[in-house]
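Treat the numbers as computed from the prediction; the structure is a model and nothing was measured.
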Amino acid sequence: MGQELWNAVDAYVDGLLVAPDPALEDAARANVGFELPDIAVSPAQGKFLHLLARARGARTILEIGTFGGYSAIWLARALPEGGELVTVEYEESFARAAGEHLARAGVADRVRQLTGRALDVLPGLVGDPAAPFDLVFVDANKPDIPEYFDWALELTRPGSLIVVDNVVQGGAVADPDHPDRGVRGVRRFLERLADEPRVEATTLQTVGAKGHDGFTLALVTG
């Protein structure tokens with residue numbers, strides 16, 4: 001039981017339901033070039049985001065946290081003709097690498113990359129032609145998740161979806177005294193979410209190649 005089994009199940013499911021794709025595989029290895037842990041979503045999670053965007057009929061998507069562009073490729077491929085993904089990344093080196101991966105995947109023409117601190121960039125999207133966004137995916141530094149959620153609400157409308165990744169943190173989110181700033185940020189976000197009358201939301205735990213974590217799905221209702 002545990003991680004070995006989770007890896008085996010992910011490998012089995014990915015082999016059946018996620019077709020091989022060199023562009024995605026390159027983007028998934030972005031962490032190696034930066035000597036970082038594997039922090040992109042898994043293939044199954046990427047396809048989940050893709051299907052969620054298609055089911056919503058999203059024409060405009062906002063992503064907070066581009067990294068190597070792996071999830072951006074999945075999201076961009078869900079867009080119809082004329083759709084646009086706006087993705088925000090703080091690190092210029094990550095953004096450059098993501099741009100190369102997006103181009104190789106053939107989706108660069110439907111992606112607008114913005115570079116800078118997200119909390120400085122997001123106010124500039126108020127009134128942007130792509131806003132309000134049909135779907136927002138938040139996968140960035142965890143201490144600032146509550147503020148990212150506030151901006152996601154500002155930049156969406158009733159019927160939009162907000163997805164926030166990495167909200168279980170290996171189960172640490174259940175510990176009210178956990179010292180990690182990221183865990184505390186996730187707890188602030190979930191507490192903020194519970195008091196927000198403009199959304200209906202749930203959080204699901206996940207296990208797999210990325211370990212024990214989870215995501216929050218919120219439907220904007222008002």
Side-chain angles (χ1 to χ4, degrees), residues 3-4 6-56 58-118 121 130 133 135-142 148 163-166 206-215:
Q3 189 65 56
E4 184 176 352
W6 303 344
N7 291 348
V9 172
D10 262 11
Y12 170 69
V13 172
D14 292 347
L16 286 175
L17 302 177
V18 182
D21 187 308
L24 277 171
E25 291 159 11
D26 275 357
R29 289 191 292 268
N31 63 297
V32 176
F34 294 107
E35 298 182 351
L36 291 172
D38 185 3
I39 58 177
V41 299
S42 72
Q45 292 165 346
K47 190 164 186 180
F48 173 81
L49 291 171
H50 173 87
L51 294 174
L52 194 64
R54 287 178 60 185
R56 170 59 186 81
R59 293 191 61 84
T60 59
I61 299 173
L62 172 63
E63 178 183 53
I64 303 173
T66 316
F67 187 48
Y70 185 79
S71 54
I73 293 170
W74 278 111
L75 290 168
R77 286 178 171 174
L79 290 168
E81 185 175 353
E84 183 178 40
L85 167 67
V86 177
T87 184
V88 182
E89 174 54 54
Y90 175 72
E91 293 285 348
E92 291 187 7
S93 56
F94 296 172
R96 285 195 299 271
E100 294 172 3
H101 296 141
L102 291 164
R104 183 173 183 193
V107 296
D109 61 335
R110 68 193 80 166
V111 179
R112 186 181 356 148
Q113 290 187 261
L114 302 177
T115 305
R117 181 173 176 266
V121 172
F133 294 90
L135 187 150
V136 177
F137 178 49
V138 180
D139 190 11
N141 60 313
K142 305 308 174 253
Y148 296 152
V163 184
V164 183
D165 198 19
N166 305 129
T206 59
V207 295
K210 301 296 180 175
H212 176 204
D213 215 318
F215 65 90

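A salt bridge is absent between K210 and D165: the closest approach of a Lys/Arg side-chain nitrogen to an acidic carboxylate oxygen does not fall below 4.0 angstrom.
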Given side-chain contact (heavy atoms from CB on, under 4.5 Å), test R77 with L24 step by step and report yes or no. CA-CA 11 Å; R77 286 178 171 174; L24 277 171; 3.7 Å; yes

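Using a distance-only test at 3.5 Å, with no hydrogens or angles considered, a donor-acceptor pair links the side chain of D10 to the main chain of A209. Using modelled atom types, one side-chain atom of K47 and one backbone atom of L17 make a donor-acceptor pair closer than 3.5 Å. A donor-acceptor contact shorter than 3.5 Å links the side chain of R59 to the backbone of E81.
Between atom OH of residue Y70 and atom CD of residue E25 there is a gap of 8.0 Å, rounded to the nearest 0.5 Å. A distance of 6.0 Å separates CZ in F94 from CD1 in I39, rounded to the nearest 0.5 Å. For the atom pair CG (N141) and CD1 (I64), the distance works out to 10.0 Å, reported to the nearest 0.5 Å. Once rounded to the nearest 0.5 Å, the distance linking CG of D213 with CG of N166 reads 4.5 Å.
The shortest non-hydrogen separation linking T115 to V121 is O-CG2, 4.2 Å. Nearest heavy-atom pair across S71 and V41 is CB-CG2, 4.1 Å. The minimum heavy-atom distance linking L102 with I73 is given by the pair CD2-CG1, 3.8 Å. Taking every heavy atom of both residues into account, F137 and L135 meet most closely at N-CD2, 4.0 Å. Looking at every heavy atom in both residues, A98 comes nearest to Q113 through CB-NE2, 3.8 Å. Minimum interatomic distance between A118 and Y148 (heavy atoms only, all atoms of both residues): CB-CE2, 3.6 Å.
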Atom pairs and distances, side-chain donor-acceptor, residues 84-91, under 3.5 Å, sequence neighbours left out:
residue: E84; atom: OE1; partner: R112; partner atom: NH2; Å: 3.0
residue: E84; atom: OE2; partner: R112; partner atom: NE; Å: 3.1
residue: T87; atom: OG1; partner: E63; partner atom: OE1; Å: 2.6
residue: T87; atom: OG1; partner: T66; partner atom: OG1; Å: 2.6
residue: E89; atom: OE1; partner: T66; partner atom: N; Å: 3.1
residue: E89; atom: OE1; partner: F67; partner atom: N; Å: 2.8
residue: E89; atom: OE2; partner: E91; partner atom: N; Å: 3.0

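W74 and H50 have perpendicular rings, their planes meeting at more than 60° on a 0 to 90° scale where under 30° would count as parallel.
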